[in-house]
Protein chains: 2
Amino acid sequence: MNPTKEKILHAAIDLFSRNGFTGVSIREITKAVGIKESSLYNHFANKDEILETILDLFRAEFNNTLVPPEILDQILDQTDVGSFLIRGFEKYKEHIRNPMIEQLWRILQIEQYRDPRARTLMLDFLIGHTMEFLTLVFTKFIEKGKVRPDWDPELLAIEYQYPMFTMVSEFNMLKFDNRDTTAIEQRMAQHIQFFVKIVQP
Amino acid sequence: MNPTKEKILHAAIDLFSRNGFTGVSIREITKAVGIKESSLYNHFANKDEILETILDLFRAEFNNTLVPPEILDQILDQTDVGSFLIRGFEKYKEHIRNPMIEQLWRILQIEQYRDPRARTLMLDFLIGHTMEFLTLVFTKFIEKGKVRPDWDPELLAIEYQYPMFTMVSEFNMLKFDNRDTTAIEQRMAQHIQFFVKIVQP
DNA sequence: GTCTATACGAGGATAGAC
DNA sequence: GTCTATCCTCGTATAGAC
């Protein structure tokens, strides 16, 4: 991608993530980049195309974090539930440590009601795929006798992941104000411990 | 409150909840109400004062749902964890069945990053007070021998409430598009069952 | 309290020179 | 690809008549 286009995109991500799509003007974006308004239109047809590009970027980044299904069985054979979830959590923390990813999350939250694309991305893509993946993981863990067969794998996926969604959202809000996040990070770790203790055979 | 002022407020809540504060103009609000722009300023000093009034309203509505601490012990003596949580869930559903409340939730979600007041309301007030209340509830349940003393009451509050936050948020998004919500409602009920089974002595 | 009229800066976007 | 200049609509807000 053209370096100016990239600059525009990143300035837009930064601004949208703080003030929302409707709260940011083309003038602000171009001012942040250091170009004139008219120059922006050499890279994007209009303001909405910037947002569309951002949503595409989010989709791509999310796909990057998924474990390929081919190697899933192999991984699950080599680990127990606890190590698997902790490892996933560590990977997630790496992921979110990238400030741009954090900004993309915020944009999705802000635009979820105003923009149907953001809503679908959040509901069907993000929540949907994560739940599908975890349901598969717990199904296999139960088959392998590494998780108690007492509960529906889909319920386990919810019990594990849904608290995480809220904690991540809380974490993001605290970070946004530069507030202390150790308490919430500790809670995430405690949640994993709690969950593992309950599902272990 | 003056009837025109009330109409303005409700039109603003409706519009803000769909397009966000920055995505709605004074012209749109007054058009929805059927008055001229200038008339609005007889009721609110400026656009921001409308949002401030909305946030105050949310605070008041939330306070309405809290159980007074004086009568908590009495309630907890009369019920087990399951009935207590199911009853709370029913009350919550009544609460959210009010379309205005639903809209207020959406506004809070949309504005959480742009507006520090919305962020504090969400983090410290809403999440904070709910957790405080539930931690107290589980502490007392443990004292009364109605919940296993194996876990920290605060952890129990998180394990119960945090998945609910995500599910409510998901529920709201689905409802916004008039999509089917029976699956998510069923999951909420399953979550309560799961939780009760785990904490029961 | 509501209206008409108006101010005036900010908004997205384009034409055309370089 | 970037600039200057410009368009025209929308945005918040006020003054003053009724």
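Residue numbers start from 1 in every chain, and the chains themselves are labelled A, B, ... in the order their sequence lines are given, proteins ahead of strands.
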J.: Please state whether the phosphate of C:dG11, meaning OP1 or OP2, lies under 4.0 angstrom from any side-chain nitrogen or oxygen of A:S25.
T.: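 Affirmative; the distance criterion is met.
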J.: May I ask you to decide whether B:E102 forms a salt bridge with B:R97, counting only side-chain N to carboxylate O separations under 4.0 Å?
T.: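 A salt bridge is absent here (no side-chain N lies under 4.0 Å from a carboxylate O).
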J.: Take the protein atom CG of B:N19 and the nucleotide atom C1' of D:dC10, then report the distance between them rounded to whole Å.
T.: 15 Å
J.: Name the nucleic acid region contacted by A:V33, choosing base, sugar-phosphate or nothing; use a 4.0 angstrom heavy-atom cut-off, strictly under.
T.: nothing
J.: For A:I50 and C:dG12, what is the distance between atoms CD1 and P respectively, to the nearest whole Å?
T.: 9 Å
J.: Flag the pair A:D48 and A:R117 as a salt bridge only when some basic side-chain nitrogen lies within less than 4.0 angstrom of an acidic carboxylate oxygen.
T.: yes
J.: A:K36 NZ to D:dT6 C1': how many Å, rounded?
T.: 14 Å
J.: Of all the heavy-atom pairs spanning A:F125 and A:L121, show the shortest one and how long it is.
T.: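 Taking A:F125 first and A:L121 second, the nearest heavy atoms are CB-O, 3.0 Å.
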J.: Summarise how protein sits on nucleotides 13-18 of chain C as a single string, 5' to 3': B when a protein heavy atom is under 4.0 Å from the base, S for sugar-phosphate-only contact, - for no contact.
T.: BBB---
J.: Looking at residues at least two apart in the chain, or sitting in another chain, which of them share a side-chain contact (heavy atoms from CB on, under 4.5 Å) with B:T139?
T.: B:T135, B:E143, B:P153
J.: From the options B:I110, B:L104, B:T22, B:I29, select the one residue that forms a side-chain contact (heavy atoms from CB on, under 4.5 Å) with B:F16.
T.: B:I29
J.: Please tell me which of B:L40 and A:G23 maps to the more 5' nucleotide of DNA chain C, matching each residue to the nucleotide holding its nearest heavy atom.
T.: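 First, find each residue's nearest nucleotide; the 5'-ward one identifies B:L40.
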J.: What is the distance, to the nearest angstrom, from the CD1 atom on A:I35 to the P atom on C:dG12?
T.: 14 Å
J.: Who are the ring pair (Phe, Tyr, Trp, His ring centres under 6.0 Å) partners of A:F133, not counting sequence neighbours?
T.: none
